[in-house]
Amino acid sequence: MPEGHTLHRLARLHDARFGGHRVRVLSPQGRFAASVSEVDGSVLERAEAHGKHLFHCYGPGIVHVHLGLYGKFTEIPLPPEQPRGQVRMRIVGPDCATDLRGPTACELITPEEVAALRARLGPDPLRADAEPDRAWQRIERSRTPIAALLLDQKVIAGAGNVYRAEVLFRHGIAPYTPGRELGARRWKLVWHDLVELMAGGVRTGRIDTVRPEHEPEAMGRPPRQDRHGGEVYVYRRAGAPCLICATPVVTADLSGRNLYWCPTCQA
DNA sequence: GCCTTATGTTCAC
DNA sequence: TGAACCTAAGGCT
């Protein structure tokens, strides 16, 4: 389940597995079937990600994938068997294959459409070409809570609910702080922290945000692994004691998404 | 087995 | 603001 690091990891994986190779691109069923098969049999030139969007670039066009909440790529053994269940896209390369299920988007688009889509996205902490000042320009004149701004993909692309909760905790920022009250200095620190945290996510495939000195072992507690695979301070830990001050972590609904924070450390 | 929930986005009202 | 999208895992009975 995908925040930006997942998509960058997939881009890297697909580049390694299929890049430079002629591949079969099949759409066994579903609403995405038609357009994607137009690249069937062409060379996957490269794969790249911007925020939570993944792009497979072929000569005839670009396959744009957004995993949404449920989407998932799974590796399948060769030779591929008949797909079981709803497979939205299958890519078969010379020595490996993958099935895509449950995406929000899987469509063939033009380079111009890619450019238009990317123009609507904020800077991505995982991209070398990111300009964090573009995010700051929006944040510094917004009354919207910083917690909401961090999930707004027009402001910053790729951070999701886990990274939002965790980066705010790591910087002791109260989630309802209006963007305009954050301060440029603090923003810079948050941005650089996201760059490092998310790069770690690309390396490991998990979201780990707990500093070594706060790890359970260092604090004399039994080791712990959270449901999403990594280890975190507050995400989905409502009611549990804060790893630093033991205050129960609280949760609230912020525009339809669950927000978690420590009311003491993030006062 | 059934129910709830989820690391997300878009559209209708 | 709420529903729809549509999948898998976890918790419960």
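Note on naming: letters A, B, ... go to the chains in the order of the sequence lines (proteins, then strands), and numbering restarts at 1 for each one. Values below: all heavy atoms of this structure, side chains included; hydrogens, waters and symmetry mates excluded.
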Euclidean distance, atom CG of residue A:L121 to atom C1' of B:dT9 [Å, nearest integer]
12 Å

Flag side-chain contact, heavy atom, 4.5 Å: A:E140 against A:W187:
no

N/O (side chain, A:K52) to phosphate O (OP1/OP2, B:dT9) under 4.0 Å:
yes

Quickly work out the A:L69 CG to C:dC6 P distance and round it to whole Å.
13 Å

Is the distance from OP1 or OP2 of B:dA6 to the nearest side-chain N or O of A:N161 less than 4.0 Å?
no

Expressed as a whole number of Å, how far does the P atom of C:dA4 sit from that of B:dT4?
15 Å

Please state how far atom CZ in A:R120 lies from atom C1' in B:dT10, giving the value in whole angstrom units.
11 Å

For B:dT7 and A:R206 - does any side-chain N or O of the residue sit under 4.0 Å from the phosphate oxygens OP1/OP2?
no

If the cut-off is 4.0 Å, is A:Y163 near the phosphate of B:dT7, judged by side-chain N/O to OP1 or OP2?
no

Is the ring pair A:H64/A:F55 parallel, tilted or perpendicular, if the boundaries are 30 and 60 degrees?
parallel

Donor-acceptor pairs under 3.5 Å, side chain of residues 157-176 of chain A to any protein atom, not counting sequence neighbours: which ones?
{"residue": "A:N161", "atom": "OD1", "partner": "A:R164", "partner atom": "NE", "Å": "3.2"}
{"residue": "A:N161", "atom": "OD1", "partner": "A:R164", "partner atom": "NH2", "Å": "2.9"}
{"residue": "A:N161", "atom": "ND2", "partner": "A:N258", "partner atom": "O", "Å": "2.9"}
{"residue": "A:R164", "atom": "NH1", "partner": "A:A147", "partner atom": "O", "Å": "3.0"}
{"residue": "A:R164", "atom": "NH2", "partner": "A:N258", "partner atom": "O", "Å": "3.2"}
{"residue": "A:E166", "atom": "OE1", "partner": "A:T209", "partner atom": "OG1", "Å": "2.5"}
{"residue": "A:E166", "atom": "OE1", "partner": "A:Y233", "partner atom": "N", "Å": "2.6"}
{"residue": "A:E166", "atom": "OE2", "partner": "A:Y233", "partner atom": "N", "Å": "3.3"}
{"residue": "A:E166", "atom": "OE2", "partner": "A:V234", "partner atom": "N", "Å": "2.8"}
{"residue": "A:E166", "atom": "OE2", "partner": "A:Y235", "partner atom": "N", "Å": "2.9"}
{"residue": "A:R170", "atom": "NE", "partner": "A:D193", "partner atom": "OD2", "Å": "2.8"}
{"residue": "A:R170", "atom": "NH1", "partner": "A:T209", "partner atom": "O", "Å": "2.6"}
{"residue": "A:R170", "atom": "NH2", "partner": "A:D193", "partner atom": "OD1", "Å": "2.9"}
{"residue": "A:H171", "atom": "NE2", "partner": "A:D193", "partner atom": "OD2", "Å": "2.9"}

Side chain to side chain donor-acceptor pair (under 3.5 Å) partners of A:T247, counting only residues at least two apart:
A:T264

Atom-pair distance (OH on A:Y70; P on B:dT9), nearest Å:
13 Å

Can you tell me how far P in B:dG1 sits from the matching atom in C:dC6, rounded to whole Å?
26 Å

Test item: A:D15 side-chain N/O and A:A47 main-chain N/O as donor-acceptor pair under 3.5 Å
yes

Any donor-acceptor N/O pair, A:H50 side chain to A:G122 backbone, under 3.5 Å
yes

Does anything in residues 144-160 of chain A come within less than 4.0 Å of DNA chain B? Heavy atoms only, and list the residues if so.
A:Q153, A:G160

A:P2 side chain, from C-beta outward: closest of B:dA6, B:dT7, C:dA9:
B:dT7

Rounded interatomic separation in angstrom, taking CG from A:L117 and C1' from B:dT10
13 Å

Tell me: CG of A:L100 to C1' of C:dT7, nearest whole Å?
12 Å

B:dA6 P sits how many Å from A:I207 CD1, rounded?
15 Å

C1' atom, B:dT10 versus C:dA8: distance in rounded Å?
22 Å

Going by heavy atoms in the side chains, are A:R127 and A:H8 under 4.5 Å from each other?
yes

Which whole-number value in Å describes the distance from A:R88 CZ to C:dC6 P?
6 Å

